[in-house]
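These notes concern the structure reproduced below.
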Amino acid sequence: MFSFPKKERLCNKKKIDSLFSKGKAFLCYPFSVKYLLSQGDGKIQILIVCSKRYQKKAVSRNYIKRRMREAYRLNNSQLKNRLTEAGQDLFVSLSYISKDLSDYHFIEKNISDVLKTLESKVG
RNA sequence: GGGAAGUAUUAUCCUAUCGCUGAAAGAAAUCGCUUUGAUUUCUUUGAGAGGAAAGUCCGGACAACACAGAGCGGCAUACUGCCUAACAGACAGGCGAUAGUUUCUUUUUAGACUUUAUUUUGUCUGCUUUCGGAAUAAAAAGAGAUUAUUGACAGAUAGUGCAACAGAAAAUAACCGCCCGUAAUUUGUUUUGAAGUUUGAUUUUUUUUUAAUCUCUAAUCCAACUUCUUUUUUGCGGGUAAGGGUGGAAAAUCAGGGUAAGAGCCUGUAGGGAAACUUAGUGAUAAGUUUCUUGUGUAAACCUUAUGCGUUGAAAGUUCAAGUAUAUCAACAGCAAGUACUUGCUCGGUAUUGUUGAGGGGUAGAACGAUUGAACCAUUGUUGCAAAACAUGGUCUAGAUUAAUGAUAGGACACGACAGAAUCCGGCUUACAGAUACUUUCCUUUU
RNA sequence: GGUCCCAUAGCUCAACUGAAUAGAGUACUUGACUACGGAUCAAGCGGUUGAAGGUUUGAAUCCUUCUGGGAUCA
């Protein structure tokens, strides 16, 4: 039910390039979101980014990325159902662009906002 | 008892639910089907980040390329021994520096006692005895011993360079000064200095007498006279490195000789350096003897000497390889026109063209490299002062590749610092809350 | 993951071959010029030479270790 296996991660370099060149973007602080819709059978692949530009230490980057993954894992079921109904594939990249370390509850609230916004753009 | 510094060890834990990474076992489905096998899904089991994983400052393993051998250049290292795969690392030592403790010597000051009319002299260690008492302090310098910390600790006597300002001068020498010679100028026996004679005054001593006075001797001062000696300044030529306030640094200490003045110029001697020898030590080195020598510092200035280093790094490199294009080969088709070859020319043939198949290199991608190792542990044994080595026994302990350790709920206490593997090891450096043990030092309290 | 470079006044750069008041332009302040402003001229202000140690008589410069920023290798 709540899972986040390797298939749902975006690992192919060409797909990442096409996402960043062709995709659309919006901002939902502290996240900058890029997404690309295409015809398919309801697959979703997500890329989680926390760059060295905003978080200097490896420990804090791991801290942010783990909490973002966990929040996405627990809140993605509605978006998946909507995509299966519409019959579209989705590539998403979530970038953390704040220089502060946020706690889990703040990240989870904003992740669910982002997913709702994406849900409204499908179809 | 408290604070600070250093070294060593450790580096939050437990329960439940949901997830991530890879491993093992099992089941099902699909492909394949003689079996092995491949992919996907599910279940179970056990595992999953450090002392620095960091910085990338050194050293290696490993890989590719290069390589008969030698030299130049470049880089690194630099007291000795020893450990190590190797090292700019570790251990043990030598030498130096700093700090502390302690002992001795010298000087000065103060004090006590002693001696002397005063200046002064002596003592102020130990033991014993005696006794009314007192029988030492401070500062500076030097030497020795010991403890701790620390040192990019070869060479300045191979050569080149540099040493601002200040100072005469920063390592050759010149200037002031001192001395000699020479030329000119000025002065001239009234000046300067030396020797002698006479007179006067004062003081002292001796003798005589002692109430004063007088006489004599010696010294000093003033005056006069006699004899001997020229003086000042400047230029030129030479000698000299003793002296010259500076500076981080000023040219071998002291004594004597020597000279016109001087000088390591000469002699002895303190200190430094080199060589040889003796003794101790594996050696650095230490102690001593003899000879020679003595020109400050700087090599984290160039450099010299000795030793070592082939270059590039896992984005190294190895294997498989869809698709697209295709060297080459084979078969089939075409051979209309042009071109080239075959030929003196024409026809013919071959190639240039197309399709299919094979095939090599190789892109996307995948796998290996890549986790059993100079490994870790041991109330073990042997060798060694120690670092460490050997033997014996035991253990398997992350392996990702857009990159894994999290979230929620509850509980415990000391209330949680610095910080996240990316080929792997040995060191170094840097960051760090708390706890434990040890060492050093400071403060306070008690005895 | 490897390799290399840089840091100097508010800003842009010198001085990098050790030598004592670290310089130039611009910005800022004051004055002159002008009826006023601009331009121009003159003067002034402004520096822990990224931080900390070391070598040296002496360090922006030489050496070491950190901090921050940048470039490059498929």
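From a predicted model like this one, the values you see are computed outputs, not experimental measurements. All chains are named by letter (A, B, ...) in the order of the sequence lines, taking the proteins before the strands, and each is independently numbered beginning at 1.
Residues passing the side-chain hydrogen bond (donor to acceptor under 3.5 Å, both in side chains) test with A:Glu8 are A:Lys80, sequence neighbours excluded. Under the rule for a side-chain hydrogen bond (donor to acceptor under 3.5 Å, both in side chains), the partners of A:Tyr96 that lie at least two apart in sequence or sit in another chain are A:Ser102. Every side-chain contact (heavy atoms from CB on, under 4.5 Å) that A:Arg61 has, sequence neighbours left out, goes to A:Cys50, A:Lys52, A:Gln55, A:Ala58. Here A:Ser32 pairs with A:Leu27, A:Ser95, A:Ile97 under the side-chain contact (heavy atoms from CB on, under 4.5 Å) rule; sequence neighbours left out. A:Asn81 pairs by the side-chain contact (heavy atoms from CB on, under 4.5 Å) definition with nothing, not counting sequence neighbours. Remark: A:Phe91 pairs with no residue by the ring-ring contact (aromatic ring centres under 6.0 Å, His included) rule, at least two apart or across chains. Residues passing the salt bridge (Lys or Arg N to Asp or Glu O under 4.0 Å) test with A:Glu70 are A:Arg73, sequence neighbours excluded.
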For Watson-Crick and G-U wobble pairs within 3.5 Å on both distances, what is RNA chain C written in dot-bracket notation, | included for inter-strand pairing?
(((((((..((((.....[...)))).(((((.......))))).....(((((..]....)))))))))))).
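As judged by a 4.0 angstrom heavy-atom cut-off over every strand, A:Ile16 is placed among the base-contacting residues. At the heavy-atom level, A:Arg61 lies nowhere under 4.0 Å from the strands shown.
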Protein N or O to nucleotides 13-17 of chain B N or O, pairs below 3.5 Å:
none

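Rounded to an integer number of Å, the gap from A:Arg9 CZ to B:A404 C1' is 8 Å.
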